[in-house]
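Reviewing the structure listed below.
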Number of protein chains: 2
Amino acid sequence: MRCPFCYFPETKVTDSRGADEGNTIRRRRECQQCNKRFTTYEMVEELPLMVIKKDGRRELFDRNKLINGLLRACEKRSISVGVIEELAVNVEKEIRNTLDREVTTQRLGETVMHYLKEIDQVAYVRFASVYRQFADIQNFMHELEVLMKQVSKPDHSK
Amino acid sequence: MRCPFCYFPETKVTDSRGADEGNTIRRRRECQQCNKRFTTYEMVEELPLMVIKKDGRRELFDRNKLINGLLRACEKRSISVGVIEELAVNVEKEIRNTLDREVTTQRLGETVMHYLKEIDQVAYVRFASVYRQFADIQNFMHELEVLMKQVSKPDHSK
DNA sequence: TGAGTAAACACAATATATTGTAATGACGTT
DNA sequence: AACGTCATTACAATATATTGTGTTTACTCA
């Protein structure tokens, strides 16, 4: 590993610890030439994930964007940011586990809804109304009725 | 290092090579439980880089945002995602190499344009029209004329 | 301001990664 | 179709990283 200060190619590890619940390794290294120290992280390679929009345009999947969309859907719903972040992480994991490198906004939205339904029904309908773009009021009412039948389900917000 | 597939905490290195001119180390690892293999990269910790917008607001530099902007500029131009990512990586490297922890959107945009000009002229003009926000048609035409003089240059799109 | 968390530092015993060499497969280019 | 490049795989000898324990400092939050 090359020294980021003097660009000498050899550096030695002085310390090495798991981080981020074991998902990464943090190392301290020392340059053999200038003796300066620096920190490195080893982490799993992330393949770029493209999102295909309805009009065919592609863009890079962006976790923050997803979280922001969820925050909007969950506004005033007393769902903690932590729960929302966890939801986003779960969705991203599920999508990435398919090994496809592309996903349509539709499938992305449906995956989100699948999880969101279990957490907060109002947020679910808000999100659905944006992602599904209900063709008409009938569809929307139908969705609402399906929801009403689940009133007994517990609230998972932390 | 935890397995990204089964989340078992112990994995072993099966191979380890320098990459990116020695700036990173690429390792192949194998899970002790499910025996699946995956790739990891060890790289120097990145200091947060602030982008200063025209109105003075600061925000964290976001690589995905840059790539998405480039994807938009390169729409329908038959430039592969790989080339765009490489461009973004080069821009980020150049900016980070200055050792400043802040960069104006202007300088960021100009760095992008510098590279983009070499790759695709149409994309360059699209990007320029957004980033430079040409004050008037005269400026835009001037930029176009400069471009026209380079018609002889080869097309670098892969 | 005091508690809690995380990064940095040191040291020593043990386990594991690194490196060269070489062959194969995938991909993009000519 | 042939070529170059690069990721992947394998194997073996050697060098180096890892892990526990413990201390110090810095920063955030109550």
Side-chain angles (χ1 to χ4, degrees), chain A residues 1-5 8-50 58 80-82 85-86 96 99-102 158, chain B residues 1-5 8-50 58 60 70-71 74 77-90 93 101 115 118-120 123 153-158:
Chain A
M1 169 80 66
R2 192 180 294 274
C3 170
F5 305 106
F8 190 70
E10 266 132 88
T11 57
K12 276 175 63 182
V13 174
T14 63
D15 195 27
S16 155
R17 310 281 157 178
D20 186 22
E21 294 158 34
N23 292 310
T24 71
I25 298 176
R26 194 184 87 251
R27 295 184 178 85
R28 284 243 92 197
R29 289 181 170 267
E30 186 172 292
C31 177
Q32 309 273 58
Q33 179 149 98
C34 70
N35 296 318
K36 284 206 186 107
R37 291 185 166 190
F38 58 97
T39 302
T40 67
Y41 287 89
E42 179 183 349
M43 48 190 116
V44 175
E45 164 188 54
E46 290 218 326
L47 297 176
L49 175 61
M50 299 307 282
R58 282 162 162 73
S80 78
V81 175
E85 275 166 0
E86 193 188 319
R96 286 194 189 273
L99 300 185
D100 288 336
R101 299 277 62 90
E102 300 193 325
K158 289 180 190 169
Chain B
M1 169 79 64
R2 192 180 294 274
C3 170
F5 304 107
F8 190 69
E10 267 132 87
T11 58
K12 275 175 64 182
V13 174
T14 63
D15 194 28
S16 154
R17 309 283 157 176
D20 187 20
E21 294 157 36
N23 292 310
T24 70
I25 299 176
R26 193 184 86 249
R27 295 184 178 84
R28 285 242 92 196
R29 289 181 170 269
E30 185 172 292
C31 178
Q32 308 273 58
Q33 179 147 99
C34 70
N35 296 318
K36 284 207 187 103
R37 292 185 165 189
F38 58 98
T39 303
T40 67
Y41 286 89
E42 178 182 350
M43 48 189 115
V44 175
E45 167 186 51
E46 304 203 322
L47 297 176
L49 175 62
M50 298 309 281
R58 281 162 163 74
L60 259 193
L70 285 166
L71 283 171
C74 296
R77 291 262 77 221
S78 80
I79 299 169
S80 77
V81 175
V83 169
I84 290 178
E85 273 164 3
E86 193 189 318
L87 196 162
V89 166
N90 285 333
K93 258 188 201 157
R101 299 276 60 92
Y115 285 95
E118 302 301 311
I119 291 177
D120 188 287
K153 284 217 174 167
D155 187 34
H156 290 76
S157 62
K158 290 180 191 169

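In what follows, chains carry the letters A, B, and so on, assigned in the order in which the sequence lines appear, proteins first and then strands, with residues in each chain numbered from 1.
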Between [N] ([atom2]) and [X] ([atom1]): distance, integer Å:
X       : N      : atom1 : atom2 : result
B:Glu86 : D:dC6  : CD    : P     : 11 Å
B:Arg28 : D:dA10 : CZ    : P     : 10 Å
B:Asn35 : D:dA10 : CG    : P     : 12 Å
A:Leu47 : C:dA26 : CG    : P     : 17 Å
A:Asp15 : C:dC11 : CG    : P     : 13 Å
A:Gln32 : D:dA15 : CD    : P     : 14 Å
B:Arg17 : C:dA17 : CZ    : C1'   : 11 Å

Is there a donor N/O on one and an acceptor N/O on the other, under 3.5 Å, for the side chain of B:Arg29 and the base of D:dT8? no
Pair of N/O donor and acceptor under 3.5 Å linking D:dT19 base with A:Arg26 side chain: no
Can you check whether B:Glu45 reaches A:Arg26 side chain to side chain, under 4.5 Å on heavy atoms? no
Can you identify which nucleotide, out of C:dT21, D:dT18, C:dA8, has its nearest atom closest to the A:Arg27 side chain? D:dT18
State which of D:dA17, D:dT9, C:dA10 makes the closest approach to the side chain of A:Arg37. C:dA10
Give one of base, sugar-phosphate or nothing for A:Thr14, where a contact means two heavy atoms less than 4.0 Å apart. nothing
Atom pair CD1 (B:Ile25) and CZ (B:Arg17), whose distance is rounded to the nearest 0.5 Å: 12.0 Å
Under 3.5 Å, is there a donor-acceptor pair between the B:Thr14 and B:Glu30 side chains? no
Judged by each residue's nearest nucleotide on DNA chain C, which is more toward the 5′ side, A:Tyr41 or B:Val13? A:Tyr41
